[in-house]
Amino acid sequence: MSRVVVVTGGSAGVGRAAARAFAARGDSVAVLARGRGRLEATEREIQACGARGLGLSVDVADAAAVEAAAERIEGELGPIDVWVNNAMASVFAPFVDVSASDFRRVTEVTYLGYVHGTMAALRRMRARDAGVIVQVGSALAYRAIPLQSAYCGAKHAVEGFTESLRCELAHAKSRVRVTIVQLPALNTPQFHWVKTSLDRHPQPVPPIFQPEVAAGAIVWAAEHPKREHWVAWPTVRAIVANRVVPGLLDRYLARTGVDAQLTDRRIEGGRAGNLYDPVEGDLAAHGEFGDRSRASSASWRLTRAKGRLRIRR
């Protein structure tokens, strides 16, 4: 059955891959992002799949703009069935080197952007008593790492407000479902344009997966909206280890966590990044670490297989 799907941050990285994956199954897909050029390219990709596409230039930190976008989407594509909160921003730097304004901006996009999207979706879904909200999370929602204090804090916050919302929906006996997809390190353009004060080029913490792994998990979660989905073994390992030996992980990451996120390549003269304004150019879904990235996850395939068996029973 064809659905109307909204993907925030859908013009690059995981969001771009997810928009294509939903379009490939025949869904109409609306994409919210800032860069007009990448939005137009994403629209063309969606339409090339034979689906309806709509790209809207929206900063998810602006609640009124997100609400207006939701209204336009329903007017042009129809009632929203699935809303995927995915837009994010980050700063790669030690906490003591992050300005208050930069920390606030990361929080407004990566946390409040999810809040604004969830509010806009719920205003429509609750009235119909139907719909799925997918929060795109990270293993970092449970196990924070150095150099990403603002991003990790925002992901922890998404986890907290979603748990509260889930309880409220259950209390109201609502059929609207909220699910979180916790992801591993991914090869996306984030590391090309993230703002950083460091003199070495940032990278995902290996092992690295291609964004299509995340996109497949997001589509699966929209169709099977259980409480949480932990995607790939590194995500499971990080979450479980943090529950069992958090102090040991603190010490381990103090020794290894900084260098694991940096390449040997130097950044000349620093860079502003995309924190406040989109970077030009269409980098699509993939970053520059494709030769080191895995196109699939055996543990995630096993998780889905178990899920199918439960459904059949």
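These numbers come from a predicted model, not from an experiment.
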Test your reading of the model: is there a side-chain donor-acceptor pair from [X] to the backbone of [Y], 3.5 Å cut-off?
{"X": "N86", "Y": "V136", "value": "no"}
{"X": "N274", "Y": "D277", "value": "no"}
{"X": "T196", "Y": "F92", "value": "yes"}
{"X": "T179", "Y": "K226", "value": "yes"}
{"X": "H171", "Y": "C167", "value": "no"}
{"X": "N187", "Y": "S293", "value": "no"}
{"X": "R38", "Y": "V279", "value": "yes"}
{"X": "S149", "Y": "F95", "value": "no"}
{"X": "Y114", "Y": "N85", "value": "yes"}
{"X": "Q182", "Y": "V231", "value": "no"}

For [X], does the [atom1] atom have more than 12 heavy-atom neighbours from other residues, nucleotides or ligands under 6.0 Å away?
{"X": "Y276", "atom1": "OH", "value": "yes"}
{"X": "E71", "atom1": "CD", "value": "no"}
{"X": "R126", "atom1": "CZ", "value": "no"}
{"X": "R128", "atom1": "CZ", "value": "yes"}

Legend entry - Candidate pair V82 and V4, rule side-chain contact (heavy atoms from CB on, under 4.5 Å), full reasoning: CA-CA 6 Å; V82 178; V4 174; over 6 Å; no
Inset, instruction - Kindly determine whether D282 and R16 satisfy salt bridge (Lys or Arg N to Asp or Glu O under 4.0 Å), including the steps that lead there. - result: CA-CA 11 Å; D282 183 20; R16 181 78 165 259; 2.8 Å; yes
Establish whether [X] and [Y] are linked, either directly or via other cluster members, by ILVMFWY side-chain heavy-atom contacts under 4.5 Å.
{"X": "L262", "Y": "V91", "result": "no"}
{"X": "Y111", "Y": "M119", "result": "yes"}
{"X": "L112", "Y": "M88", "result": "no"}
{"X": "V7", "Y": "V213", "result": "yes"}
{"X": "Y142", "Y": "L183", "result": "no"}

Given side chains that start at C-beta, do those of [X] and [Y] come closer than 4.5 Å, heavy atoms only?
{"X": "P234", "Y": "F209", "value": "yes"}
{"X": "L198", "Y": "P94", "value": "yes"}
{"X": "L122", "Y": "W83", "value": "no"}
{"X": "I145", "Y": "Q148", "value": "yes"}

Please report the interatomic distance [atom1]([X]) to [atom2]([Y]), rounded to the nearest 0.5 Å.
{"X": "R34", "Y": "S11", "atom1": "CZ", "atom2": "OG", "result": "9.0 Å"}
{"X": "H224", "Y": "R304", "atom1": "NE2", "atom2": "CZ", "result": "10.0 Å"}
{"X": "Q210", "Y": "L186", "atom1": "CD", "atom2": "CG", "result": "9.0 Å"}
{"X": "D250", "Y": "N242", "atom1": "CG", "atom2": "CG", "result": "7.5 Å"}
{"X": "R200", "Y": "T263", "atom1": "CZ", "atom2": "OG1", "result": "7.0 Å"}
{"X": "Q203", "Y": "I208", "atom1": "CD", "atom2": "CD1", "result": "6.0 Å"}

Legend entry - Chi angles and distances behind the side-chain contact (heavy atoms from CB on, under 4.5 Å) call for V84, I218: CA-CA 8 Å; V84 180; I218 291 166; 4.0 Å; yes
Legend entry - Residues D199, I267; criterion side-chain contact (heavy atoms from CB on, under 4.5 Å); working and verdict: CA-CA 5 Å; D199 61 359; I267 297 175; 5.6 Å; no
Legend entry - Test salt bridge (Lys or Arg N to Asp or Glu O under 4.0 Å) applied to E159 - qualifying residues, sequence neighbours left out: none
Inset, instruction - Check salt bridge (Lys or Arg N to Asp or Glu O under 4.0 Å) between R104 and all other residues, then give those that pass, not counting sequence neighbours. - result: none
Inset, instruction - Check the pair R124 / D81 against salt bridge (Lys or Arg N to Asp or Glu O under 4.0 Å), numbers first and verdict last. - result: CA-CA 9 Å; R124 292 151 180 86; D81 300 294; over 6 Å; no
Inset, instruction - Take E163 and R227, measure what salt bridge (Lys or Arg N to Asp or Glu O under 4.0 Å) needs, and give me the verdict at the end. - result: CA-CA 9 Å; E163 288 178 358; R227 190 176 190 277; 3.7 Å; yes
Legend entry - Cation-pi, F22 ring and R3 (6.0 angstrom, 45 degrees): no
Inset, instruction - Would you sort out whether H116 and E67 count as a side chain to side chain donor-acceptor pair (under 3.5 Å), showing the intermediate values? - result: CA-CA 8 Å; H116 299 156; E67 171 63 23; over 6 Å; no
Legend entry - Full working for side chain to side chain donor-acceptor pair (under 3.5 Å) between R36 and S57: CA-CA 6 Å; R36 187 65 245 175; S57 183; 5.6 Å; no
Legend entry - For A21 against V219, the heavy-atom pair lying closest together: CB-CG2, 3.7 Å
Legend entry - Worked check of salt bridge (Lys or Arg N to Asp or Glu O under 4.0 Å) between R52 and E76: CA-CA 10 Å; R52 294 185 298 165; E76 296 191 24; over 6 Å; no
Inset, instruction - Establish, from distance only, whether the side-chain atoms of T118 and Q135 form a donor-acceptor pair under 3.5 Å. - result: yes
